[in-house]
2 protein chains.
Amino acid sequence: MNDVQKAESNSVERHAGKPPADKTAARRADLRERLAAAGRAAIAEGGLQNVKARDLAAAAGCAVGAIYNVFEDLDELILRIGADTLARLEQGLAAPHDVAPEPAEELLRLARGYLAFARANKALWRALFEHRLAGGRAAPAWYLDDQSRLFALVEAPLARLLPDEPAPSRALLARTLFSAVHGVVSLGLEEKLAPMSEATLDAELERLLRAFAGGLTTADGVTLSSS
Amino acid sequence: MNDVQKAESNSVERHAGKPPADKTAARRADLRERLAAAGRAAIAEGGLQNVKARDLAAAAGCAVGAIYNVFEDLDELILRIGADTLARLEQGLAAPHDVAPEPAEELLRLARGYLAFARANKALWRALFEHRLAGGRAAPAWYLDDQSRLFALVEAPLARLLPDEPAPSRALLARTLFSAVHGVVSLGLEEKLAPMSEATLDAELERLLRAFAGGLTTADGVTLSSS
DNA sequence: GACAAAAATGAACGACGTTCAAAAAGCAGA
DNA sequence: TCTGCTTTTTGAACGTCGTTCATTTTTGTC
């Protein structure tokens with residue numbers, strides 16, 4: 001990032017007349033994209049463990065050292081791929097805004113979309129959650145923003161389902177519902193567990209949402225004690 | 001420490017009845033346990049990535065090569081540690097069988113126990129789900145058995161909550177409920193997401209269970225279409 | 001104590017992420 | 001176009017990793 005910023009500021013400072021030196025900036029951007037594409041392919045083929053510096057360089061047609069000209073390290077590349085994956089997921093979940101279905105139906109549609117995306121992009125999707133930054137560093141802010149947009153997708157129909165719920169509580173509930181769906185999808189596709197048929201997983205996901213939405217819209221704490 | 005342990009195990013086995021060749025078997029078992037303990041410590045300290053053959057050997061007081069005398073590879077060691085973690089989790093969730101609470105309360109107790117275990121053993125617990133076997137091999141059967149015992153813990157109260165539910169459907173529901181709770185705990189403790197306070201996560205987990213159990217025990221599909 | 005069989009050892013191997021001295025390319029003034 | 005300086009790109013080299021295997025050490029039996 002630091003290098004990128006330097007290159008950009010150089011090109012900006014150079015007189016606007018012609019673009020002499022931001023050709024290199026464009027090349028760097030190209031290389032970033034080619035490396036990210038190679039990384040995506042590597043993850044899709046063999047998971048996070050399949051991302052190797054030398055393979056990426058070969059696929060992108062550059063020297064191994066060139067990776068470190070455009071990325072801080074492989075972690076940053078993987079984070080960038082993760083952001084792309086999140087963006088594609090968000091796009092895949094985008095509501096067809098010409099009709100406004102029942103909020104509970106919309107929640108089910110989102111859950112099914114999430115499952116469908118995870119199925120269709122299993123390795124890339126899993127990489128989102130398997131990846132740990134070296135040394136326990138915190139994820140950058142732009143990455144957290146990308147994630148929170150997903151929760152926002154859930155929040156909208158939730159607001160229509162529970163109009164009397166305070167907004168902060170609704171935001172938490174959106175994350176909780178997202179998490180619950182994620183759990184079912186995650187363990188449902190986990191091959192370290194006994195495998196489930198596709199239809200069974202579909203049905204179980206629907207059962208979760210039915211019960212959850214049903215439990216939310218009826219009286220609270222039906223048979224549960226408070227503490 | 002390593003010399004002491006070795007000496008002790010030798011002296012214990014010395015002239016015990018007539019076990020000629022299973023002294024070595026005992027030493028192998030000892031080494032397995034010492035290596036597993038070292039691996040547990042390594043994971044607890046720095047996650048799965050912190051498990052290094054040379055460090056394990058140093059901690060267990062053996063040569064690097066000795067690891068491969070008692071384990072196929074590090075994957076098998078990690079699987080063994082995972083089985084231990086599952087066993088400790090199962091033990092931590094064991095019901096206090098002197099009282100028989102409401103089934104919904106029991107489910108909440110299990111969910112809270114799961115969250116408590118995950119909090120208290122974050123790295124080890126996460127290792128259960130992060131770990132992938134090299135080359136996409138399938139987990140051994142004994143490992144799957146250990147997992148299915150967890151689902152069984154959920155199934156018992158579920159059977160009392162939904163006595164009319166067919167048994168196969170109940171088994172699936174147990175896994176689904178477990179998965180949903182796992183999702184909330186998993187993303188709730190995920191530091192790549194915006195962090196949640198402990199109390200908030202506790203409350204959200206309870207909200208999930210209240211809504212889910214409530215939705216299960218009231219009429220099905222309250223506001224959800226079937227599609 | 002001597003000897004064959006078994007087990008333990010740790011140097012060595014190939015592959016990995018990352019670095020950095022050196023080479024190549026870019027760019028302005030002649 | 002050529003010259004000189006700067007920036008970018010390069011890939012051999014470094015340290016570390018999991019794993020192997022020829023060698024050494026220990027074990028069990030006579």
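Just so it is clear, the model here is predicted, and its values are computed rather than measured. Lettering of chains follows the sequences in order, A, B, ..., and the numbering in each one begins at 1.
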In whole Å, I'd like the distance from the CG atom of B:Asn69 to the P atom of C:dG10.
12 Å
Atom CZ of A:Arg28 and atom P of C:dG26 are separated, to the nearest Å, by 15 Å
Whether A:Arg119 side chain and A:Glu198 backbone form a donor-acceptor pair below 3.5 Å
yes
Over how many whole Å does the gap from A:Asp30 atom CG to D:dT9 atom P extend?
11 Å
A:Leu77 CG to C:dT18 C1': how many Å, rounded?
14 Å
For A:Asp75, is there an ion pair with A:Arg132 - N to carboxylate O distance below 4.0 angstrom?
no
List in numerical order all residues of residues 46-58 of chain A for which some heavy atom is under 4.0 Å away from an atom belonging to DNA chain D.
A:Arg54
Quick check: does any side chain N or O of B:Asn50 sit under 3.5 Å from a backbone N or O of B:Ile43, one acting as donor and the other as acceptor?
no
Nearest-Å distance, OH (A:Tyr68) to P (C:dC16)?
12 Å
Say whether, by atom type as modelled, one donor and one acceptor occur between the side chain of A:Lys192 and the main chain of B:Leu128 under 3.5 angstrom.
yes
Find the distance A:Asp75:CG to C:dG17:P and express it as a whole number of Å.
11 Å
Can you check the A:Ile67 CD1 to D:dT10 P distance for me, whole Å?
11 Å
Answer yes or no: does a side-chain N or O of B:Arg27 lie under 4.0 Å from OP1 or OP2 of D:dT26?
no
Between A:Glu76 (side chain) and A:Glu72 (backbone), is there a donor-acceptor pair under 3.5 Å?
yes
Taking A:Thr85 for its side chain and A:Ile81 for its backbone only, find out whether a donor-acceptor pair lies under 3.5 Å.
yes
Return the value, rounded to whole Å, for the distance between atom CZ of B:Arg32 and atom C1' of C:dA8.
17 Å
Do any N or O atoms from the side chain of B:Arg126 and from the backbone of B:Asn121 form a donor-acceptor pair under 3.5 angstrom?
no
For the residue pair B:Arg175 / B:Ser148, report whether a side-chain donor-acceptor contact shorter than 3.5 Å exists.
no
Using a strict 4.0 Å threshold on nitrogen-to-oxygen distance, state whether A:Asp146 and A:Arg88 make a salt bridge.
no
How sharply is the helix from C:dG1-D:dC30 to C:dA30-D:dT1 bent, taking the axes over five pairs at either end and rounding to 10 degrees?
10°
Minimum-distance nucleotide (side-chain atoms of A:Ala63 versus C:dG17, C:dA11, D:dG11)
D:dG11
